[in-house]
Peer 1: 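Have a look at this one before I ask anything.
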Amino acid sequence: MSELLNGNGALSLVPKADGKQSAKDFKTDQEVRWCPGCGDYAILAAVQTFLPELGLRRENICFVSGIGCSSRFPYYMNTYGFHSIHGRAPAIATGLAASRPDLSVWVVTGDGDALSIGGNHLIHALRRNVNLKILLFNNRIYGLTKGQYSPTSEVGKITKSTPMGSLDAPFNPISLALGAEGTFVARTIDSDRRHLQSVLRAAAQHNGTALVEIYQNCNIFNDGAFDPLKDPEVRDDVTVRLEHGEPIVFGREGDKALRRSASGRFEVVRTADVDASQIAVHDARDPDPSLAFALSRLDSPAFEHTPIGIFRQVERPSYDEQLRAQLAEAVDRDGPGDLAALLAGGDTWRID
Amino acid sequence: MSELLNGNGALSLVPKADGKQSAKDFKTDQEVRWCPGCGDYAILAAVQTFLPELGLRRENICFVSGIGCSSRFPYYMNTYGFHSIHGRAPAIATGLAASRPDLSVWVVTGDGDALSIGGNHLIHALRRNVNLKILLFNNRIYGLTKGQYSPTSEVGKITKSTPMGSLDAPFNPISLALGAEGTFVARTIDSDRRHLQSVLRAAAQHNGTALVEIYQNCNIFNDGAFDPLKDPEVRDDVTVRLEHGEPIVFGREGDKALRRSASGRFEVVRTADVDASQIAVHDARDPDPSLAFALSRLDSPAFEHTPIGIFRQVERPSYDEQLRAQLAEAVDRDGPGDLAALLAGGDTWRID
Amino acid sequence: MTKQVQQLDRVIIRFAGDSGDGMQLTGDRFTQETASFGNDLSTLPNFPAEIRAPAGTLPGVSSFQLHFADHDILTPGDAPNVLVAMNPAALKANIGDLPRGGDLIVNTDEFTRRNLAKVGYAANPVEDGSLDEYRVHALPLTSMTVGALEDFDISKKDAERAKNMFALGLLSWLYHRPTEGTLAFLERKFAKKPGIMKANIAAFQAGWSYGETTEAFSVQYEVKPAAQPAGLYRNITGNMALAYGLVAAGVRSGLPVFLGSYPITPASDILHELSKHKRFGVRTFQAEDEIAAIGAALGASFGGSLGVTTTSGPGIALKSETIGLAVATELPLLVIDVQRAGPSTGMPTKTEQADLLQVMYGRNGEAPVPIVAPQSPSDCFDAALEAARIAVRYRTPVVLLSDGYLANGSEPWRIPDVDTLPTIEPGFAEPGEEGFQPFRRDPETLARPWAVPGTAGLEHRIGGLEKPDGSGNISYDPDNHDTMTRLRQAKIDGIANDIPPLAVDDPSGRARVLVLGWGCTYGSIAAAVRRVRAAGGEIAQAHLRHLNPFPANLGQVLRSYDRVVVPEINLGQLALLLRGKYLVDVIGYNRMRGLPFKAEELAGVIQDVIDSE
Amino acid sequence: MTKQVQQLDRVIIRFAGDSGDGMQLTGDRFTQETASFGNDLSTLPNFPAEIRAPAGTLPGVSSFQLHFADHDILTPGDAPNVLVAMNPAALKANIGDLPRGGDLIVNTDEFTRRNLAKVGYAANPVEDGSLDEYRVHALPLTSMTVGALEDFDISKKDAERAKNMFALGLLSWLYHRPTEGTLAFLERKFAKKPGIMKANIAAFQAGWSYGETTEAFSVQYEVKPAAQPAGLYRNITGNMALAYGLVAAGVRSGLPVFLGSYPITPASDILHELSKHKRFGVRTFQAEDEIAAIGAALGASFGGSLGVTTTSGPGIALKSETIGLAVATELPLLVIDVQRAGPSTGMPTKTEQADLLQVMYGRNGEAPVPIVAPQSPSDCFDAALEAARIAVRYRTPVVLLSDGYLANGSEPWRIPDVDTLPTIEPGFAEPGEEGFQPFRRDPETLARPWAVPGTAGLEHRIGGLEKPDGSGNISYDPDNHDTMTRLRQAKIDGIANDIPPLAVDDPSGRARVLVLGWGCTYGSIAAAVRRVRAAGGEIAQAHLRHLNPFPANLGQVLRSYDRVVVPEINLGQLALLLRGKYLVDVIGYNRMRGLPFKAEELAGVIQDVIDSE
Ligand SMILES: Cc1ncc(C[n+]2csc(CCOP(=O)(O)OP(=O)(O)O)c2C)c(N)n1
Ligand SMILES: Cc1ncc(C[n+]2csc(CCOP(=O)(O)OP(=O)(O)O)c2C)c(N)n1
Ligand code: SF4
Ligand code: SF4
Ligand SMILES: [Mg+2]
Ligand SMILES: [Mg+2]
């Protein structure tokens, strides 16, 4: 089987476009209906300007979404699109991806759509490793239903449904995805197009399920949720950019770094205070997700040091290629299906 | 609020029984209908002999289950019981626990019930930290429906629904629970009553959601799934017993130990080869779940070194006590609700 | 300048503008002023599904229609007498509904080339004569507002934003509305932003003065208060009344209310409202999905709470398996469906009555549940209490079928005296019964005991598997299953003896045609019936509160008329049930436009049937 | 010893024992022998929900009934002529069904004090005379088996286990069954355990010899082969036939089959079977839950596969929201509901027809779907093909309503010639159409184009929001919604013109009473009709394959009879639809025992109606 698997992953079976594409090729005639100032605009533009780089035939790209502001996304993409129902996009996309290796399948979802009603489909997609690229627009609020707290809202959040503050501890989508056996787990942010596109680039090429959490501002119901990561004054001090193979250093002047303490935990140190060899080097390819998990815990409500980038990116055969391989193997072994023979199988007798 | 929270957790509000209880008090007249030899019998007996120790009034204990062989459990417990529908027990129990602080609420579920159809309710219960004690009977198979692979079955498993072997990577329930912000996460095994009961003891006292994974043998459809952990010849060599505050040493002669490597990973070493100070000490109370997560990854399909015990046990206010506190605070602030005043609130006018 | 004052018996105003223009707020305030003035009224908000659809576009138009009168009225009105259009999109989307000769107030500042082009106007309709058939008041509302606020220390944007208050002031003057309420409201709302508060008040007053001083308006109108029963009144929306009904049900039963809910339009506001009433011991739980929401509610019911779950049609679909479990375990549970236009996601902000058969039959196996429907916004209060009464008395899930129109629409409500509200007896099983049988039924109601955890000696197990009556253990006995299926059905059917017979309004007693409705169509039907009668027609009217079981006399009522017309905002769901049960050839009238019926439309339908007699 | 041979035209045998006694296997083997002998036959397995309920208890009893005859038969038979009871529990659970004078074979070895006590027998019924009215053959089957296997090198437990083969051998002798099939089967089954294989074969032969040599049985019976149409036959269960029908639908349409499923009794076997047919390009996906299962199937349909999902009633409840999405997006999808007794978890291994209204109406909004039902185990093959045809041709989800009895019951099936099977045309939209309109309908079928990803120039977006016909963009226009709702309904209603009219079997043409059924009741009804006719009654029979829409002539058929009897294993679900649609006062006959109707019972019901004429 392993042979069959080789090179069958990700985009290798998706036909390439004939000519050069531009962002315009991916725009539809539909009016974009997000609130002015919504972070979704920036993500849409980033995706539309990124896709030409992949050079795939437009008709072989599909966007599948659930319900929410973010889930309107497919209407604005001039590809095949499916705006489905709340929380179910990963399930629908799984059927599509598992049956069509010649498609590049993207899921667009929100923090409510993916983590609240759709939580089960998300974690199962991750462990199955179906060829889906999941873009999770995390604005830490239910936008479309006008502002209730979401599974990523910070504790104590006052919203329409929690006038005295929310009680439940939020999910950290990265930790959850790592605990769910995700093979590609990343975080980026709406306001940093370069970073966003660099993550999309890696995700698109990944063989299996890629989860990309995108911090997204909802300027109507949760404005400024990620301001520390955006404010030019502080962002470099609190954003920890993860790069595979690079020492984890951050701060405006690279003045902070991560070190593994004796106990095994990560600790933030002043770069100047430690020897370069003590600075942790990010290894997204580590088969063991434990270090990626530990990095995910650096995140805190106060945004003291928030990692963005690719936490984990490892190889594991994708569900769809393995399924394909089983089909091929069955044919190899016993020949293609013969309906007449099938029906006449088992114990039969003839009456004349 | 913090005052209100004090001491309101876990069992403090559950009335105590008048006299001494025995296991018999917890047996019903219902015939137990598991297959002869099923691991569920041992777990039932362990729970029935453990409960008297808690000394709670029997009528203040509830068992809520989903559907599956394991979920028949409540019928055999002479307490209040609710045998609900597939996957939904955590949700139902959440409503019960959040509205009745005077109850000790237990959920009994299977690997299919909890992790397949019920996965979303499970992870949300964990992050919410409702006062539920969830016993997940993990036999790595769907028992009741006669033997399909489950989300904990090992890759390549041949079952009725996967004649060429299953394709999806299984969940590690411990990793998943840790990724879902669980405050109490443990593993035990049907065949070791002492260990099982020690874990139940801690779980019962925990304020919030406790997840106890119990390795359980299904001798009909997945016999011997945990044999390495049971076989007297090898079990001590492969079972890593986690005890809070204790160095992590295992092997029949205590000849193996865990050490934190420079990279931050756990590695198995010969106890004799290292200095005692280098041996990792288990800290279930660590606020950061990263080390517990790393321990959970020691588990492997080959059972080379499988940790059992309490991976994580930390304090976080439970959902139900916080909800109670909000109700109390609202009354404190504005007095108890007055229906007439409510109805006559807002802009009114009188017609005579 | 003294103005002429003209008396009117009723007026329908529609405020229309961009989603960002604050039309819902303007409408709400005008409604409150009107309510406190003592008119009868009815409202119809209409807004896009998008939070803020792009400014100036057709999908972004938001409107609020208000009907008020010096007599009791039933609907928000078919067509406005006055249309306020804050921009070209609002004009384009609404002008079709304004009858010839209607008053049209347009904000000319927004009629820029760009805005006109956005909605496909080649020329400016205010100038090209295409509005000649209306009484057009073309006013630069924005610039007048900005002008009035020149001296205030606020941004231009904030000044522009206050234009809705200018419009409100103008309309308040035009219809002689009291203003104290609005002033107090603005003070409350902007208490933390005094600059904005003062500006809004000033804009409001400028609008009023503009009406009073300018020549643009020569006539002022007066709509006298309506003669209504004595009492204390407030204006209330359906969702608010429903939430209050649930709080009241908790108080009157002594049961703590537990709401498990997942947000969904148009039901979310019930969750929002109930989350404010913690003082009443009301617990609200925002669940991870609809299944968890109803599951938690059912768990709370098992624990002795009044378990409630609120949702709309798509959520009901998800809850259906758990409703079946509630049927099998025979626990009280309120399932509230605020219907919206389907199928699937459909049109979330638009109304429809197409979930009746879903809630009636949408579960595996024979799983009957009672169904109750409110008929007007304020009636949601009583309907919620009635649903709770049935649920608790019969230990059964009950579906309450509201809809988007009732939910967001409002009307004056005479606030009931709390002591006159029905009491609900939980009647918990008492501790200590020997050999407790969780499925031993009350011979009268066929209800089983509700034995809550914590009660000594009543320990028992329930579940979704079939069970014999009495013990509640597991049973696969063939005949027992037949018996139990019939018992569960008989319990629900028996509720027919515990609800009032259907009342028919047939003043002359000579009508040969009956019009029968349910739910939100009450107002439209009643208004249509008035029209028909005013024109000399004989018509009987009845409205069903209970959809399952039907009132005991329903068959007889149906058979006493030659023709029965059943208007529904679906393809004939009640009609199917009536035909199937009573074999009466009822005539359906069905339109699914996401909006309530117009009285005129129904009057025509009814008249046609009378004429064809 | 020469035995007397008695000719019989038909026999009903029931094998009953403990879950661990291998009764299903024994029944299966006897069935295969009987089938290959050329009898017509029908089977009814009946097993507990528990995997292995405790040995020797009533809930642990498993049985298998087989009816075989020298003529064509329709049901597994009302009551057995022969009961094989392997232990006291099996006796107790089944003896009530054995008519006086029936043959009873009991395994006396199991009638120990302990086993008797377990099921509440105070005395041994084999000895206390309480079985005197039957022809009792009290045989120590276990010890005879163990005795026969003395010389084999197997454990005592394994020897004891072979007792079912001893019984099978005895019965095979008694009814003159061919034995080669069973011998070959045992060789295959135990190929890897030669010791066990030989022991089982020896036990089987010992049973046969015992019959031949002992005096206990003086008579041997013979049931001649039935005259059946020429062809190649096999015995097949409903689930197997259904799975084959799906494979065939894939082959005949050229579409790859994609099954998304979550295991549930009694539907799981379809998943198991299809997972074996990867050679046909059939993809099976065991999903995390029912919602994911149908979601994946719908996603695959979007991608151009034949999307299928299989489940039972509780799973349908969960899938209902997604079925609504399939209605709104108008994609082909097969939804297979193998019904079981409800409500809620109900009795998972027992049959029922109570999901008809659920699949008809269990979704929010107006969301019509075609419904097709097979009428016998082998008919599941044709019904699956028909459902696929409709789904693909009309771009719609179609529900196929099987049930637990059809699923596990079996009958001989004449294997069809593949070339005679219907072909199904996917008719994908072709690339390159200018200005592609995903909702432009075929004027004849009203179906929309199926444009699959990968087709250049047809990029488009679909979703659950309302849309205008043609473009498929989002639309909140009121009139458009009314139009679209009616179009979706009209598309489904129009299928009535594309299905055969309902055929009525009314040989004399003089019947005044029609009995109309659907689904699994076909066999019982037809057998009852035969009885009534044999007794001189005039009765017409018809059976519905299509439950939505109904065949175009159904109203006319109903009206041409004075009385219409509708037997259903529910509380009258088809009856409601018929009454509601045609206003015909059909008479329901309803029993929910988790079992098919008995022919005798129905014959009585029908006769009563005829007599009351
Ligand atoms: C079954 C169902 N339940 C609930 C809803 C209502 N609903 C629509 S979107 C949404 C949550 C949106 O939040 P998120 O996924 O974070 O998306 P955002 O709008 O913030 O982008 C909810 C609750 C629905 N449409 N369908
Ligand atoms: C809604 C629904 N879907 C499917 C089923 C069928 N079903 C019952 S139990 C089960 C899985 C059981 O596996 P697990 O939870 O591991 O429990 P076990 O029997 O192994 O203890 C399934 C699929 C059901 N009863 N209800
Ligand atoms: S509500 Fe928030 S997330 Fe939704 S479109 Fe507006 S700004 Fe964006
Ligand atoms: S099938 Fe397996 S899990 Fe179920 S009762 Fe039998 S042995 Fe136990
Ligand atoms: Mg969001
Ligand atoms: Mg299991």
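Heavy-atom basis, side chains included; hydrogens, waters and symmetry copies ignored. Protein chains get the first letters and strands the later ones, always in sequence-line order, with residue 1 at the start of each.
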Peer 1: Verify side chain to side chain contact (heavy atoms under 4.5 Å, CB included) between Arg486(C) and Leu571(D), making sure each step is shown before the conclusion.
Peer 2: CA-CA 8 Å; Arg486(C) 290 174 195 280; Leu571(D) 285 176; 4.0 Å; yes
Peer 1: Output the option from Val586(C), Ile323(C), Asp355(C), Leu465(C) having the highest count of non-hydrogen pairs under 4.5 Å with chain D.
Peer 2: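 So the answer, after comparing Val586(C), Ile323(C), Asp355(C), Leu465(C), is Leu465(C).
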Peer 1: Taking the side chain from Asp482(D) and the backbone from Arg593(C), do they hold a donor-acceptor pair closer than 3.5 Å?
Peer 2: no
Peer 1: Indicate yes or no: at least one non-hydrogen side-chain atom of Ile291(C) is less than 4.5 angstrom from one of Leu318(D).
Peer 2: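 In contact.
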Peer 1: Answer with side chain, backbone, both or neither: which region of Asn480(C) has an atom nearer than 4.5 Å to a non-hydrogen atom of chain D?
Peer 2: neither
Peer 1: Under 4.5 Å, counting heavy-atom pairs only, tell me which of Ala354(D), Ala341(D), Gly362(D) racks up the most with chain C.
Peer 2: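 Of the options given, most contacts go to Ala354(D).
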Peer 1: Among Leu578(D), Ile474(D), Thr485(D), which residue has the highest count of heavy-atom pairs closer than 4.5 Å to chain C?
Peer 2: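 The residue among Leu578(D), Ile474(D), Thr485(D) with the greatest pair count is Thr485(D).
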Peer 1: Could you give the distance from OH (Tyr476(C)) to CG (Leu58(D)), rounded to the nearest 0.5 Å?
Peer 2: 14.0 Å
Peer 1: Could you state the interatomic distance from CG (Leu583(C)) to CG (Asp585(D)), rounded to the nearest 0.5 Å?
Peer 2: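 Reported to 0.5 Å precision, the distance equals 5.0 Å.
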Peer 1: Decide side chain to side chain contact (heavy atoms under 4.5 Å, CB included) for Met592(D) and Met484(C); before the verdict, give the C-alpha distance in whole Å, the side-chain angles of both, and the deciding distance to 0.1 Å.
Peer 2: CA-CA 10 Å; Met592(D) 284 137 298; Met484(C) 287 299 285; over 6 Å; no
Peer 1: Which atoms of Val584(C) come close to chain D, meaning under 4.5 Å heavy atom to heavy atom: side chain ones, backbone ones, both, or neither?
Peer 2: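 Looking at Val584(C), just its backbone touches chain D.
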Peer 1: Using modelled atom types and a 3.5 Å cut-off, is there a donor and acceptor pairing between side-chain atoms of Asn570(C) and backbone atoms of Gly365(D)?
Peer 2: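 Answer holds: no.
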Peer 1: Quick one, Asp477(C) with Lys350(D), criterion salt bridge (charged side-chain N to carboxylate O under 4.0 Å, His left out). Give me CA distance, side-chain angles, the key distance, then yes/no.
Peer 2: CA-CA 10 Å; Asp477(C) 179 68; Lys350(D) 308 297 173 198; over 6 Å; no
Peer 1: Could you have a look at Gly572(C), Ala575(C), Pro478(C) and say which one has the most heavy-atom pairs with chain D under 4.5 angstrom?
Peer 2: Pro478(C)
Peer 1: In terms of heavy-atom pairs under 4.5 Å, which option from Pro348(D), Ala328(D), Gly594(D), Pro59(D) contacts chain C the most?
Peer 2: Pro348(D)
Peer 1: Pick whichever of Ala93(C), Gly315(C), Pro343(C) has the most heavy-atom pairs under 4.5 Å with chain D.
Peer 2: Pro343(C)
Peer 1: Taking every non-hydrogen pair under 4.5 Å, which of Gly313(C), Gly324(C), Gly463(C), Pro314(C) racks up the most with chain D?
Peer 2: Pro314(C)
Peer 1: When rounded to the nearest 0.5 angstrom, what is the spacing between CZ in Arg363(C) and OG in Ser320(D)?
Peer 2: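 Arg363(C) atom CZ to Ser320(D) atom OG measures 10.5 Å (nearest 0.5 Å).
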Peer 1: Taking side chain as C-beta onward, heavy atoms only, is Gln573(D) less than 4.5 Å from Glu366(C)?
Peer 2: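 Yes, side chains in contact.
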Peer 1: Counting heavy-atom pairs under 4.5 Å to chain C, which of Asp479(D), Leu325(D), Ile316(D) comes out on top?
Peer 2: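 It is Asp479(D).
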Peer 1: Could you tell me which non-hydrogen atom of Gly464(D) sits nearest to which non-hydrogen atom of Ser344(C), and how far apart they are?
Peer 2: CA-OG, 3.6 Å
Peer 1: Can you tell me which portion of Glu321(D) sits under 4.5 Å from chain C's heavy atoms? Options are side chain, backbone, both or neither.
Peer 2: both
Peer 1: Sort Lys581(D) into side chain, backbone, both or neither according to what part of it lies under 4.5 angstrom from a heavy atom of chain C.
Peer 2: backbone
Peer 1: I'd like to know which of Gln339(D), Glu466(D), Met347(D) tops the heavy-atom pair count under 4.5 Å against chain C.
Peer 2: Met347(D)
Peer 1: Measure distances from Asn590(D) to the heavy atoms of chain C and classify the residue's part below 4.5 Å as side chain, backbone, both or neither.
Peer 2: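 For Asn590(D), heavy atoms of backbone and side chain both lie under 4.5 Å from chain C.
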Peer 1: Check each atom of Leu595(D) against the heavy atoms of chain C and say whether the ones under 4.5 Å are side chain, backbone, both or neither.
Peer 2: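 Interface part for Leu595(D): side chain.
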Peer 1: Looking at Ala317(C), Ala367(C), Ala326(C), which makes the most heavy-atom pairs under 4.5 Å with chain D?
Peer 2: Ala317(C)
Peer 1: Any side-chain heavy-atom pair from Leu576(D) and Tyr361(C) closer than 4.5 angstrom?
Peer 2: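 Yes, their side chains come closer than 4.5 Å.
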Peer 1: Tell me, side chain or backbone of Gln489(C) under 4.5 Å from chain D's heavy atoms, or both, or neither?
Peer 2: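 Only the side chain of Gln489(C) comes within 4.5 Å of chain D.
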Peer 1: So for Ser312(C), is it side chain, backbone, both, or neither that comes closer than 4.5 Å to the heavy atoms of chain D?
Peer 2: neither
Peer 1: Below 4.5 Å from any heavy atom of chain C, which atoms of Ser475(D) appear? Answer side chain, backbone, both or neither.
Peer 2: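 When you check distances to chain C, only backbone atoms of Ser475(D) fall under 4.5 Å.
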